[in-house]
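If you're wondering where the values come from, they're calculated on a predicted model, not measured in any experiment. So that the names make sense, note that chain A is the first sequence line, chain B the second, and so on, each numbered from 1.
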Amino acid sequence: GAGVSQSPRYKVAKRGQDVALRCDPISGHVSLFWYQQALGQGPEFLTYFQNEAQLDKSGLPSDRFFAERPEGSVSTLKIQRTQQEDSAVYLCASRSSDPIKYNEQFFGPGTRLTVL
Amino acid sequence: DAKTTQPPSMDCAEGRAANLPCNHSTISGNEYVYWYRQIHSQGPQYIIHGLKNNETNEMASLIITEDRKSSTLILPHATLRDTAVYYCIVRVAISSGSARQLTFGSGTQLTVLP
C-alpha cells in the first residue's frame with residue numbers, strides 16, 4: 001500500500017536549466033494533480049489529469065511549465081529555462097475513483113526545487 | 001469557492017484539546033468544509049469534511065455552526081505529532097469528471113507544546 005511518491009526529493013538547478021520532476025501516484029488512481037507551494041504559503045494548483053488527459057492546466061504560471069501523463073499513471077512536470085521565482089516545493093496528489101474516497105486527495109512528499 | 005479566514009498561529013498543551021477555528025461567512029448551500037493538515041516537509045493530509053452536520057472520525061471532530069458561517073476542528077487529545085499547518089477549505093463536493101482542485105489559504109500553524 002505505497003502512497004504517492006515523488007522524485008527527486010530535492011533539486012538544485014542553475015538559472016536557465018531545464019528540470020523534470022516525477023510523480024508516481026497511488027496505483028489505480030485516475031485523477032492526478034500538481035501544486036506549487038512557495039515558502040510560507042499554501043499550495044497552489046497547477047494542473048489536473050484524468051487518466052492521460054490533461055483536463056485543466058489553468059494554474060501553470062507560464063509556457064515554460066509543461067506536464068504530461070502519457071500512460072495514465074506516472075506524471076512528469078517539466079520546467080524549461082528555470083528562473084529564480086520557480087523555486088518552490090512541487091506537490092503531486094492523486095485521487096481515487098472510489099466514491100467513498102472521492103473527496104480525499106493523497107499527496108506526495110513534494111520535490112523542493114531551488115534555482116540559483 | 002468561498003474564502004476562509006483562519007488565525008495564523010495557535011499553541012496547545014500536549015494532551016489537551018486543540019480547537020482550530022475557521023470563518024467562511026460567504027459559504028454557499030452546496031459547499032462543504034474540508035480540513036487538511038501539513039506536517040513540516042510532508043505533503044498535505046486529509047483530515048475530515050462536512051456539510052452541515054457535525055462529523056467525527058479517528059483523527060478529529062468537525063463542528064459546523066447552524067448558519068454554516070464558521071466551523072471548528074477539534075483534536076481531542078493533541079500530541080506533539082499534531083504540530084502542523086492546518087488548512088480549512090470550502091468548496092463544492094467533487095463529482096465524477098470534475099477537476100475540483102483544492103484551493104489552500106495560509107492556514108493555521110498549530111504548535112503542540114510539551
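By the neighbour-count criterion of 12 heavy atoms within 6.0 Å, atom CG of B:Leu80 is densely surrounded, having more than that number from other residues, nucleotides or ligands. In this structure, A:Glu85 places its CD atom where more than 12 heavy-atom neighbours from other residues, nucleotides or ligands lie under 6.0 Å away. Enclosure of atom CZ in B:Arg16 is not indicated, since only 12 or fewer non-hydrogen atoms of other residues, nucleotides or ligands lie within 6.0 angstrom. With a 6.0 Å radius and a threshold of 12 heavy atoms from other residues, nucleotides or ligands, A:Arg15 has its CZ atom at or below the threshold.
Between the side chain of A:Tyr35 and the backbone N or O of B:Gln101 there is no donor-acceptor pair closer than 3.5 Å. With hydrogens and angles ignored, the 3.5 Å screen pairs a side-chain donor or acceptor of B:Tyr36 with a backbone N or O of A:Gln105.
Neither the backbone nor the side chain of A:Arg112 has a heavy atom closer than 4.5 Å to any heavy atom of chain B. Of the atoms belonging to A:Glu44, not a single heavy atom falls under 4.5 Å from chain B. Looking at B:Gln109, there are no atoms closer than 4.5 Å to chain A (heavy atoms on both sides), in backbone or side chain.
Side-chain contact between B:Ile47 and A:Glu104: absent, with no pair of heavy atoms (C-beta onward) separated by less than 4.5 Å.
A:Gln37 approaches B:Tyr87 most closely through the heavy-atom pair NE2-OH, 3.4 Å.
Under a hydrophobic clustering in which Ile, Leu, Val, Met, Phe, Trp and Tyr are joined whenever their side-chain heavy atoms come within less than 4.5 Å, directly or via other members, A:Val4 and A:Val89 fall into different clusters. With hydrophobic clusters built from ILVMFWY side chains whose heavy atoms lie under 4.5 angstrom apart, B:Met10 does not share a cluster with B:Ile63. Under a hydrophobic-cluster definition in which Ile, Leu, Val, Met, Phe, Trp and Tyr are linked whenever side-chain heavy atoms come within less than 4.5 Å, directly or via other members, A:Phe33 and A:Leu60 are assigned to different clusters. A single hydrophobic cluster is not seen to contain both A:Phe107 and A:Phe49; linkage of ILVMFWY side chains at heavy-atom distances under 4.5 Å, directly or through other members, places them apart.
When A:Pro43, A:Gly108, A:Gly40, A:Gly42 are compared by the number of non-hydrogen pairs under 4.5 Å with chain B, A:Pro43 comes out ahead. Chain A forms the most heavy-atom pairs under 4.5 Å with one residue out of B:Ser106, B:Gly43, B:Pro44, and that residue is B:Pro44.
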- Message: Go through it in stages, so that I can follow the logic: the residues are A:Asn103 and B:Tyr34, the test is side-chain contact (heavy atoms from CB on, under 4.5 Å), and I'd like the CA-CA distance, side-chain angles, deciding distance and then a yes or no.
- Response: CA-CA 9 Å; A:Asn103 281 294; B:Tyr34 292 78; 2.5 Å; yes
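Rounded to the nearest 0.5 Å, atoms CD (B:Gln42) and CG (A:Leu91) are 11.5 Å apart.
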